2 protein chains.
Amino acid sequence: MSRTVYVNGEYLPEEQAKVSVFDRGFLFADGVYEVTSVLGGKLIDFDGHAKRLQRSLDELEMKNPVTKDELLGVHRELVERNGIDEGLVYLQITRGAADRDFAYPDGAEPTIVLFTQSKPGLAESPKAKTGMKVISIEDQRWGRRDIKTVQLLYPSMGKMMAKAAGADDAWMVQDGQVTEGTSNNAYIVKGNTIVTRQLSNDILHGITRAAVLRFAAEAQMQVEERPFTIDEAMGADEAFITSASTFVMPVVEIDGAAIGTGTPGPVAARLREIYLEESRKAAI
Amino acid sequence: MSRTVYVNGEYLPEEQAKVSVFDRGFLFADGVYEVTSVLGGKLIDFDGHAKRLQRSLDELEMKNPVTKDELLGVHRELVERNGIDEGLVYLQITRGAADRDFAYPDGAEPTIVLFTQSKPGLAESPKAKTGMKVISIEDQRWGRRDIKTVQLLYPSMGKMMAKAAGADDAWMVQDGQVTEGTSNNAYIVKGNTIVTRQLSNDILHGITRAAVLRFAAEAQMQVEERPFTIDEAMGADEAFITSASTFVMPVVEIDGAAIGTGTPGPVAARLREIYLEESRKAAI
């Protein structure tokens, strides 16, 4: 069955969901995106994603073609039309179509695209029970990773490097310190302390990251927001990642070395449980 | 009149020239491009662009959907159909459309798009007589600038920063040294010596750069391929850029400071003349 996709005000069968070859998203990667999880047919952390979307648009001086309420309406309509119980809603806004020129065009209307991906078993992921393996790679991305742009080629390459090494993902390292995973924030745990890199232009300001750190504090865990090295990660008791589509996911191996016992640790498991429980409660 | 655009084997009116919203060029900037100049209805340096295209594709393990001869045929057909005397042919190849996943898809067919831009007066550009003004900005791009990908958001931002400062372009600076312009290679001249950054992953391997350095050597000019600073540029006799669409273009001001006499210098003028003359001769 063909999915329904939203393109600039229209609900279309996915085969007809197209954009101009002159779209600046296609020609210049001049676009931003968000991915919102769906659990039980409801949206997780929609407010957080809408807020970060606006920040990305503002940073790039890009117009937002929709109000937050309209955006919520389109999310819900797609979830409904495509019968999504567990899955994702992907949203992308670009600066629109115009004759090719590096300078931003005058008067172009932004392009907005939303589609869904059904992911049955998203919450009960088997990976949450076995844990992920990661490799470390050099962080070669551009300098404004706080803006959620579609310049995702290096993260894609990183995912392929991980795959080639028999791992699930790559942690990126800059000046000897871990920045983040290819599409997730990275954490280690030592004793009762969770360590994750502080917010800056070097990493994505994860919506799930913010929620998980809040839940961690509420659960009396210590949180240190600072950089850490791969060596420190290898000596940690636990490691995990967070993202909108994986929630909290344990990491059990880095560059072939087991972390702690080499099995998912209690902190990651507990945070995943809390995150899913609280997110389901707050889902809209 | 609507241009004719080439998309995956079809010649279409530009209004109908579209790609899937699932195209990885749109979702991941997972695509590469080339721009070839047209003078007198003929292609400049086509071989060089075709060769660099193949290199970019190889670096990204991306399939080339066309042979070099087919590519030449499409270039010529578009120049003919769109009546281009002076202008550009833009070419983009992406990894194709597939359900969104950071990992490269199995079995996706590459997307290929070509279109033209008519630029009457390209060779007789008034800017070549007055010279360009540039500003310096930090180079925030990713680490593989030798691959000609569509991750062009930062160069676009740079062009807008230049515009806001009343300049024409920006030279990007990394670790205190100039890398290149937003869409061109950067040069300074001191005495009889031309200085331009050596090839590496830090800069684009300009097709026009290679030709101009060859012509410079043939004209008994000294060429030093090494990094230089903005301070060194400010103390130079001349500065200029090269690119497929600007050929050789003098730079007369950097960050508000005049270079040399503040007018286009003889070396840039001579190299532009030679480049245009030789390129017209070799055009196909």
Side-chain angles (χ1 to χ4, degrees), chain A residues 3 5-7 12 14-31 33 35 59-61 88 90 92 94-95 99-104 111 113-115 117 138-144 147 149-160 162-163 169 182-183 201, chain B residues 3 5-7 12 14-33 35 60-61 88 90 92 94-95 99-104 111 113-115 117 138-144 147 149-160 162-163 169 182-183 201:
Chain A
R3 268 175 295 183
V5 171
Y6 180 88
V7 183
L12 299 167
E14 59 183 316
E15 297 76 17
Q16 293 170 32
K18 296 186 174 191
V19 293
S20 169
V21 299
F22 296 99
D23 195 282
R24 291 180 61 91
F26 186 69
L27 298 180
F28 290 101
D30 191 2
Y33 75 106
V35 178
E59 289 294 319
L60 298 178
E61 301 169 68
L88 312 170
Y90 176 87
Q92 182 170 330
T94 77
R95 206 179 302 273
D99 199 19
R100 187 175 184 277
D101 190 341
F102 279 79
Y104 303 164
T111 297
V113 170
L114 287 93
F115 58 80
Q117 290 182 304
E138 195 193 337
D139 196 338
Q140 298 223 43
R141 295 172 302 162
W142 80 318
R144 292 300 305 274
I147 312 175
T149 78
V150 294
Q151 295 186 122
L152 297 174
L153 181 52
Y154 191 68
S156 279
M157 293 167 78
K159 199 73 90 174
M160 295 309 288
K163 220 172 157 177
D169 198 19
T182 62
S183 57
N201 291 355
Chain B
R3 264 177 298 183
V5 171
Y6 180 88
V7 184
L12 300 167
E14 61 184 317
E15 298 76 16
Q16 292 169 33
K18 296 187 173 188
V19 292
S20 169
V21 300
F22 295 99
D23 195 282
R24 291 180 62 92
F26 186 69
L27 298 180
F28 290 101
D30 191 1
V32 299
Y33 75 105
V35 179
L60 298 177
E61 300 169 69
L88 312 170
Y90 176 87
Q92 182 170 334
T94 76
R95 205 179 302 274
D99 200 18
R100 186 175 185 277
D101 189 341
F102 279 79
Y104 302 165
T111 296
V113 171
L114 286 93
F115 58 81
Q117 290 182 306
E138 194 194 337
D139 196 337
Q140 298 222 42
R141 295 172 302 162
W142 81 317
R144 292 300 306 275
I147 312 175
T149 78
V150 295
Q151 295 186 122
L152 296 174
L153 182 51
Y154 190 68
S156 280
M157 294 167 76
K159 200 73 91 174
M160 295 308 288
K163 219 172 157 174
D169 198 19
T182 62
S183 56
N201 290 354

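Just so we're clear, the structure is a prediction, and the values are computed from it rather than from any experiment. Numbers restart at 1 for each chain; the letters A, B, ... are given by sequence-line order, proteins then strands.
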Check your understanding: Would A/Ser156 and B/Arg95 count as having a side-chain donor-acceptor pair, cut-off 3.5 Å?
Key ->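 No, no side-chain donor-acceptor contact under 3.5 Å.
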Practice item. Indicate the atoms forming the closest heavy-atom contact of B/Ala29 with A/Leu152, along with that distance. Key: CB-N, 4.5 Å
Check your understanding: B/Tyr104 and A/Met160: which non-hydrogen atoms are nearest, and at how many Å?
Key -> N-SD, 3.2 Å
[X] versus chain A, the contacting section by heavy-atom distance below 4.5 Å:
| X | result |
| --- | --- |
| B/Val32 | neither |
| B/Arg24 | side chain |
| B/Gln151 | both |
| B/Tyr33 | side chain |
| B/Ser20 | both |

Practice item. For the pair A/Trp142 and B/Tyr154, name the ring-plane relationship: parallel under 30°, tilted 30 to 60°, perpendicular over 60°. Key: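 Rings of A/Trp142 and B/Tyr154: perpendicular, over 60°.
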Check your understanding: Do B/Lys18 and A/Asp23 have side chains that get closer than 4.5 Å, going by heavy atoms?
Key ->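 Sidechains of A/Asp23 and B/Lys18: no contact.
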Check your understanding: Heavy atoms, side chains only, cut-off 4.5 Å: are B/Leu88 and A/Arg100 in contact?
Key ->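 No, their side chains stay 4.5 Å or more apart.
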Check your understanding: Heavy-atom distance under 4.5 Å to chain B: side chain of A/Asp99, backbone, both or neither?
Key ->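 For A/Asp99, the contact with chain B is made by backbone and side chain together.
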Point to revise | Residue among A/Arg144, A/Gln117, A/Glu61 with most heavy-atom pairs under 4.5 Å to chain B | key: A/Gln117
Study note, to complete from the structure: Max heavy-atom pairs within cutoff under 4.5 Å with chain B, candidates A/Ile147, A/Val150, A/Asp30, A/Val19, goes to A/Val19
Practice item. Could you check which of B/Val5, B/Leu27, B/Val113 has the highest count of heavy-atom pairs closer than 4.5 Å to chain A? Key: B/Leu27
Exercise for review: For chain A, find which of B/Met157, B/Lys163, B/Gln92 contributes the most heavy-atom pairs closer than 4.5 angstrom.
Suggested key: B/Gln92
Revision key, fill the gap. With sequence neighbours left out, the residues meeting side-chain contact (heavy atoms from CB on, under 4.5 Å) with A/Lys159 are A/Asp169, A/Thr182, A/Ser183, B/Phe102, B/Ala103
Check your understanding: At what distance, to the nearest 0.5 angstrom, does CZ of B/Phe26 lie from OG1 of A/Thr111?
Key -> 6.0 Å
Practice item. Step by step, work out the side chain to side chain contact (heavy atoms under 4.5 Å, CB included) result for A/Tyr90 and B/Val21. Key: CA-CA 11 Å; A/Tyr90 176 87; B/Val21 300; over 6 Å; no
Review point. What pairs with B/Tyr6 under side chain to side chain donor-acceptor pair (under 3.5 Å), at least two apart in sequence or on another chain?
Key: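 Side chain to side chain donor-acceptor pair (under 3.5 Å) check on B/Tyr6 returns nothing, list empty.
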